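Notes to accompany the following structure.
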There are 2 protein chains.
Amino acid sequence: MVRMADVARAAGVSAMTVSNVLNERLPVGEPTRARVMAAVEALGYEVNLTARHLRAGRTDTVAFIVPSFHDYFGEVADKIAPLIEAEGRHLVLERTSGSPEHEMAALSVARLQLYDGVLLSVAGLDRDQLDRVRSSKPIVLLGERDVPDRFNHVRLANEEGARLATAHMIEHGSRRILALGCTFDTAHMMTSDRRIGWERALLDAGLDVDPRYVVPIATYTPAAARDALLDVIASGLPFDGVFAVTDVIALGAVAALAESGLRVPVDVQLAGFDNLDMASFLPPGLTSVDANHEGVAETAVGLLHRQMAGWTGPAEHVVAPVRLVVRGSTRGGA
Amino acid sequence: MVRMADVARAAGVSAMTVSNVLNERLPVGEPTRARVMAAVEALGYEVNLTARHLRAGRTDTVAFIVPSFHDYFGEVADKIAPLIEAEGRHLVLERTSGSPEHEMAALSVARLQLYDGVLLSVAGLDRDQLDRVRSSKPIVLLGERDVPDRFNHVRLANEEGARLATAHMIEHGSRRILALGCTFDTAHMMTSDRRIGWERALLDAGLDVDPRYVVPIATYTPAAARDALLDVIASGLPFDGVFAVTDVIALGAVAALAESGLRVPVDVQLAGFDNLDMASFLPPGLTSVDANHEGVAETAVGLLHRQMAGWTGPAEHVVAPVRLVVRGSTRGGA
DNA sequence: CGCCGTCATATTATCGATAAAATGTTTCCT
DNA sequence: AGGAAACATTTTATCGATAATATGACGGCG
């Protein structure tokens with residue numbers, strides 16, 4: 001391991017001069033700078049980032065902590081990365097499996113030290129647990145859970161999105177719409193907020209809210225969604241529309257409907273949420289609620305940058321607006 | 001920031017004793033241990049991982065460096081994470097955009113220092129560039145590029161997989177099969193290795209290899225794939241099968257075929273590569289070459305663990321076997 | 001000619017933890 | 001009782017860089 005001191009010796013200067021050359025902190029005379037650079041090249045020296053971090057208290061790295069790496073979070077992460085890199089920092093992803101324990105561990109003093117700032121997609125933690133986090137590290141929370149006021153937070157207009165999607169299917173003739181993957185949780189969660197939007201659309205249209213039409217799912221995978229929907233079909237419960245709580249769930253629904261010979265959108269209309277890349281390619285095109293990933297990424301990163309730059313004003317709680325992207329899976333589409 | 005020295009003072013012992021209690025390195029008397037633990041609790045002390053890293057030379061962290069976070073790599077990363085965590089380490093993901101410069105930077109001395117080991121999915125680097133990497137850090141390379149012998153490397157049986165998929169479509173009646181997303185590169189690349197498999201299947205069946213049937217794609221997105229295939233359709237080139245170089249490309253093909261009123265598998269058979277989760281849900285089910293992500297993950301992590309444990313034997317070059325998963329998008333499927 | 005300011009570079013102290021060696025204390029055995 | 005072994009804890013040095021401060025050389029000016 002080549003150290004700064006080795007470079008210093010080779011160039012006949014002190015370590016501090018090497019540091020000044022490399023970091024352009026204090027001015028260094030041209031001949032000296034040249035000698036130092038030559039020594040750096042000759043020895044192949046590179047700074048020890050750990051030592052720099054310990055001494056300078058800065059890592060130039062931001063973490064985005066997500067429940068899982070694939071699908072939705074992978075897409076959002078790819079939007080976030082360039083924004084972080086534009087400010088000369090690195091982005092790394094960590095995974096929590098959505099468990100509260102892992103999420104708390106990611107917010108522990110020890111782990112937060114490793115980054116200049118952290119974006120956390122909250123899946124498992126509730127407000128009380130988040131309140132126990134004591135740290136002045138810049139943090140921005142993403143996701144649909146309730147969070148303490150002191151945290152910057154970006155969430156989606158879940159209820160409105162679900163309402164839009166459901167109302168759109170009602171408008172085009174659906175009367176019995178499943179809320180696939182929704183729940184009756186009382187705490188704010190993605191699955192319950194979206195259920196409320198679904199309910200609202202039904203009530204606005206003067207339709208009944210039948211709890212049998214809320215179909216919870218064991219795990220948020222297309223496989224579980226397909227199985228759940230196949231069960232519904234087997235049970236004989238009549239339906240002519242499906243609001244899937246996410247596009248990933250909608251993917252499972254597409255498979256179940258196709259397997260059962262139900263045509264989309266003729267027999268059953270289908271709408272999802274998230275507008276993943278996939279949505280526009282899945283024939284006949286998946287109608288989906290779009291929350292503008294890119295805008296969400298910009299907002300969240302903006303809040304984080306502001307904190308990292310030293311801003312100490314009150315935290316912001318942003319609700320990202322949504323719009324419905326209509327495609328062939330509903331009768332308003334092509 | 002609470003330091004170990006603060007805990008030591010509170011417990012009336014030396015910092016070293018605190019360290020010994022927390023790390024269970026040297027034995028500590030029970031009453032002392034209790035006092036130390038009480039002080040740790042009272043002050044809410046947590047170790048400074050950066051200082052530990054600097055002194056102890058270990059981060060307990062492994063990086064998986066990928067071209068992009070979504071789709072294929074997100075799925076593989078979710079398989080790798082539990083394997084790393086099972087050994088008590090953390091996994092972080094970094095992104096290179098597939099550019100050689102970013103990949104080299106990720107392999108720089110400075111960045112490698114941050115991890116106990118690195119898994120790198122090579123997209124842009126060639127053998128010569130990789131040869132310039134000088135580091136004894138445990139590294140395992142993934143991906144289809146050629147790599148120097150001294151690196152552990154896991155790649156897929158690309159040629160065989162493409163051959164299987166193509167042969168399967170020939171067997172079920174296709175005679176003019178597009179190689180969508182393939183290329184004529186001479187270096188080993190995913191897109192050229194798979195083209196060779198496609199060629200082989202054609203030749204084995206006594207069919208012509210017509211270069212017009214190799215359709216390169218600007219960017220590896222479903223949108224670009226759809227556009228490329230729509231262009232082919234518009235050109236009037238007749239075809240009755242599509243081998244898509246990846247499932248992501250196949251997704252674009254599905255959209256293009258649906259838009260053009262071509263029925264899968266009746267008019268055109270379609271097969272992909274990677275067997276992403278999506279493949280089994282995309283109606284009528286996407287026939288795809290499965291490379292057993294989980295097995296690849298286990299192999300790669302196994303090689304990395306071996307290196308991190310101090311193994312210094314020769315590097316291994318593993319070619320992960322593939323099999324064809326037949327679904328409804330080809331006529332052998334349901 | 002001598003004093004002061006400016007610029008370039010060097011010295012010192014420190015970030016927080018831990019490996020290795022040193023010190024002190026108790027126990028045990030003959 | 002004497003001495004060694006066993007055990008518990010502390011001391012010292014170090015990982016590699018950098019912020020803050022100090023030193024030295026030179027030029028300008030009265």
Side-chain angles (χ1 to χ4, degrees), chain A residues 1-40 43-61 108-116 135 137, chain B residues 1-37 39-40 43-61 108-116 135-137:
Chain A
M1 181 95 341
V2 184
R3 290 153 315 165
M4 192 173 269
D6 300 324
V7 175
R9 190 165 342 102
V13 298
S14 74
M16 207 52 230
T17 298
V18 177
S19 175
N20 283 327
V21 167
L22 295 178
N23 298 306
E24 301 184 323
R25 229 174 70 90
L26 300 182
V28 174
E30 189 42 43
T32 312
R33 144 175 279 116
R35 248 182 314 132
V36 168
M37 287 311 291
V40 165
L43 300 178
Y45 170 76
E46 294 185 38
V47 70
N48 181 319
L49 295 172
T50 303
R52 169 182 290 171
H53 176 202
L54 179 60
R55 180 67 245 238
R58 151 184 65 97
T59 61
D60 299 323
T61 302
S108 66
V109 173
R111 300 281 293 289
L112 286 175
Q113 281 169 344
L114 298 174
Y115 305 111
D116 289 350
S135 170
K137 187 66 69 170
Chain B
M1 183 94 340
V2 184
R3 291 154 315 167
M4 194 173 268
D6 301 323
V7 175
R9 190 163 343 100
V13 298
S14 74
M16 207 51 228
T17 299
V18 177
S19 175
N20 283 328
V21 167
L22 295 177
N23 299 306
E24 302 184 321
R25 229 175 72 89
L26 301 183
V28 175
E30 187 44 43
T32 312
R33 146 175 278 118
R35 249 182 313 133
V36 168
M37 287 311 292
V40 166
L43 299 178
Y45 170 77
E46 294 185 39
V47 71
N48 182 317
L49 294 171
T50 303
R52 168 182 289 172
H53 178 203
L54 179 59
R55 179 66 245 235
R58 148 184 67 96
T59 61
D60 299 323
T61 301
S108 67
V109 174
R111 300 283 294 288
L112 286 174
Q113 280 169 345
L114 298 174
Y115 305 110
D116 289 351
S135 169
S136 54
K137 185 69 66 173

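Computed from a prediction, not measured in an experiment: that's the story for all the values here.
Of the candidates C:dG16, D:dT18, D:dT10, the closest approach to any side-chain atom of A:M16 belongs to D:dT18. Checked against D:dG16, C:dT18, D:dT9, the side chain of A:N48 finds its nearest nucleotide in D:dG16. For A:V13, counting side-chain heavy atoms from C-beta on, the closest listed nucleotide (D:dT10, C:dA19, C:dA10) is C:dA10. Comparing D:dA17, C:dG16, D:dA19 against the side chain of A:A56 picks out D:dA19 as the nearest. When the nucleotides D:dC15, C:dT18, C:dT11 are ranked by their closest atom to the side chain of A:S14, C:dT11 comes out on top. Taking the side chain of A:N23 as heavy atoms from C-beta on, and the options D:dT10, D:dT18, C:dT18, the nearest nucleotide is D:dT18. Side-chain proximity of A:R3 to D:dG16, D:dA13, D:dT18: nearest is D:dG16. Counting only heavy atoms from C-beta on, A:R55 has its side chain closest to C:dT14 among C:dT9, C:dT14, C:dA17.
Judged by distance alone with a 3.5 Å cut-off, no donor-acceptor contact links the side chain of B:R52 to the base of C:dT18.
If you take CG of B:L54 and P of D:dA17, they are 9 Å apart, rounded to a whole angstrom. Following rounding to the nearest Å, A:N20 (CG) and D:dT18 (C1') show an atom-to-atom distance of 9 Å. Whole-Å rounding puts the A:R25 CZ to C:dC7 P distance at 17 Å. Straight-line distance from the CE atom of A:M4 to the P atom of D:dC15: 15 Å, rounded to whole Å. Rounded to whole angstrom, the span from the CD atom of A:E30 across to the P atom of C:dA8 amounts to 11 Å. Going from atom NE2 of A:H53 over to atom C1' of C:dC15 covers 10 Å, rounded to whole Å. Per the geometry, CZ belonging to A:R9 stands 12 Å off P belonging to D:dG16, to the nearest Å. As a whole-Å value, the separation of A:Q113 CD from C:dC15 P is 14 Å.
Note on B:S19: only backbone sugar-phosphate atoms sit closer than 4.0 angstrom, heavy atoms only; bases stay farther off. Residue B:T50 is classed as having no contact, given no heavy-atom separation below 4.0 Å to the nucleic acid.
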Steps toward side-chain contact (heavy atoms from CB on, under 4.5 Å) verdict (A:V36, A:V28): CA-CA 10 Å; A:V36 168; A:V28 174; 5.8 Å; no

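A:V47 and B:Q113 get closest at one heavy-atom pair: O-OE1, 3.5 Å.
Place A:A5 and A:L26 on DNA chain D by their nearest nucleotides, and A:A5 ends up nearer the 5' end.
Without hydrogens or angle criteria, B:T59 side chain to B:D116 main chain gives a donor-acceptor distance under 3.5 Å. No side-chain donor-acceptor contact under 3.5 Å links B:T50 to the backbone of A:T50.
The side-chain heavy atoms of B:M16 and B:M4, taken from C-beta on, include no pair separated by under 4.5 Å.
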